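Report on the following structure.
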Amino acid sequence: MITNRVPHPCLLIDPVAQKLSEPSRAFFRRETATVARDLIGAWIAQRRRGRWYGARIVETEAYLGPTDAAAHSWKGRRTARVEPMYLDGGHLYVFFVYGMHHCANVVTRRAGDAQAVLLRAAEGGEGCPRRLLTGPGRLCAALGITVADSGLDLLAGGNVRLFRRRGRRPRLSVSPRIGVDYAGEAAAWPLRFFDRDSPAVSGPSR
DNA sequence: CACATGATCGCCT
DNA sequence: GGCGATCATGTGG
């Protein structure tokens with residue numbers, strides 16, 4: 001059955017009033033770890049029934065494509081599920097795991113490079129329930145992002161977009177990625193970034 | 001707090 | 001047929 005639930009009211013945002021702006025294509029085409037860092041403090045947003053709902057990203061992970069054993073595109077794997085990873089920077093790649101959770105990624109670099117940034121956690125506004133957006137599965141559930149959104153272009157003026165705001169940047173910490181112990185040496189690469197002052201970060205932090 | 005486990009199913013081998 | 005880029009719950013220290 002089709003669900004069309006509206007996100008929690010604490011996620012209501014007003015991009016104009018909050019002076020949020022959309023990055024250019026060039027922003028997403030930069031080195032993946034750099035994009036992952038710069039996405040901390042950005043908003044992932046979705047328009048439902050004419051209103052914008054969004055959350056401030058506080059935790060990301062970089063996945064470096066065919067040379068990264070933790071990436072779905074490892075060794076150039078190219079299947080229907082992974083295909084959106086091969087799109088140009090600025091597209092969305094969403095996958096379904098463990099039979100119940102969706103995970104959202106922002107594609108980086110150029111078409112064919114198959115690199116992406118996993119959105120692991122975010123925080124909402126006033127009255128946001130603890131852990132509403134803590135963890136990639138919960139983040140997608142809270143915003144209503146599903147595999148149906150995989151492959152869409154964040155820069156196409158559609159209902160799913162990414163916003164940034166000028167100003168102070170969060171203090172960042174770095175660590176290995178979560179849940180990729182199977183990836184050999186790549187499992188230890190320092191590709192997880194998070195806002196060290198945010199209570200919404202998932203997994204080991206602080 | 002640190003593990004351990006079950007749920008659940010699409011995807012790939 | 002096996003296993004996840006996860007999460008909620010339960011146990012024990």
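Values in this document were obtained by computation on a predicted structure and should not be read as measured data. Chain letters run A, B, ... following the sequence lines, proteins first, then strands; residues in each count from 1. Side chains included, hydrogens not; waters and symmetry mates left out as well; all remaining heavy atoms used.
Here the P atom of nucleotide C/dC7 and the CZ atom of A/Arg130 are 17 Å apart, to the nearest Å. Note: CG (A/Leu191) to P (C/dA5) measures 15 Å, nearest angstrom. Rounded to an integer number of Å, the gap from CD1 of A/Ile178 to P of B/dA2 is 12 Å. Put simply, CZ on A/Phe193 is 15 Å from C1' on C/dA5, counting in whole angstrom units. B/dC9 atom C1' lies 12 Å from atom CZ of A/Arg81, rounded to whole Å. Note: CZ (A/Arg131) to C1' (C/dT9) measures 11 Å, nearest angstrom. Between the CG atom of A/Asp181 and the P atom of C/dA5 there is a distance of 11 Å, given to the nearest Å. The CE-P distance, from A/Met85 to C/dA5, rounds to 11 Å in whole Å.
Side-chain proximity of A/Thr79 to the nucleotides B/dT8, C/dT6, B/dC12 is greatest for B/dC12. Closest to the A/Tyr98 side chain, of the nucleotides C/dG4, C/dA5, B/dT8, is C/dG4.
When ring centroids are compared, A/His72 and A/Tyr63 stay outside the 6.0 Å threshold.
For the pair A/Gln46/A/Pro7, no side-chain contact is recorded, criterion being any heavy-atom separation below 4.5 Å from C-beta on.
Of the N and O atoms on the side chains of A/Gln115 and A/Thr108, not one donor lies less than 3.5 Å from an acceptor on the other residue.
By the stacking rule of 5.5 Å between ring centres and under 30° between planes, A/Tyr63 stacks on the base of C/dA5.
Residues A/Arg56 and A/Asp195 are paired through a salt bridge, judged by an N-O separation under 4.0 Å between the basic side chain and the carboxylate. Note on A/Lys75 versus A/Asp68: no salt bridge recorded, every NZ/NE/NH1/NH2 to OD/OE distance being 4.0 Å or above.
Contacts of A/Arg78 with the nucleic acid, taken as non-hydrogen atoms under 4.0 Å apart, are absent. Residue A/Arg120 is classed as a sugar-phosphate contact, given heavy-atom separations below 4.0 Å to backbone atoms only. Residue-level contact check: A/Phe96 touches the backbone only, with heavy atoms under 4.0 Å from sugar-phosphate atoms and none from bases.
Shown here, C/dT6 forms a base pair with B/dA7; the pair counts as Watson-Crick or G-U wobble because both key distances fall under 3.5 Å.
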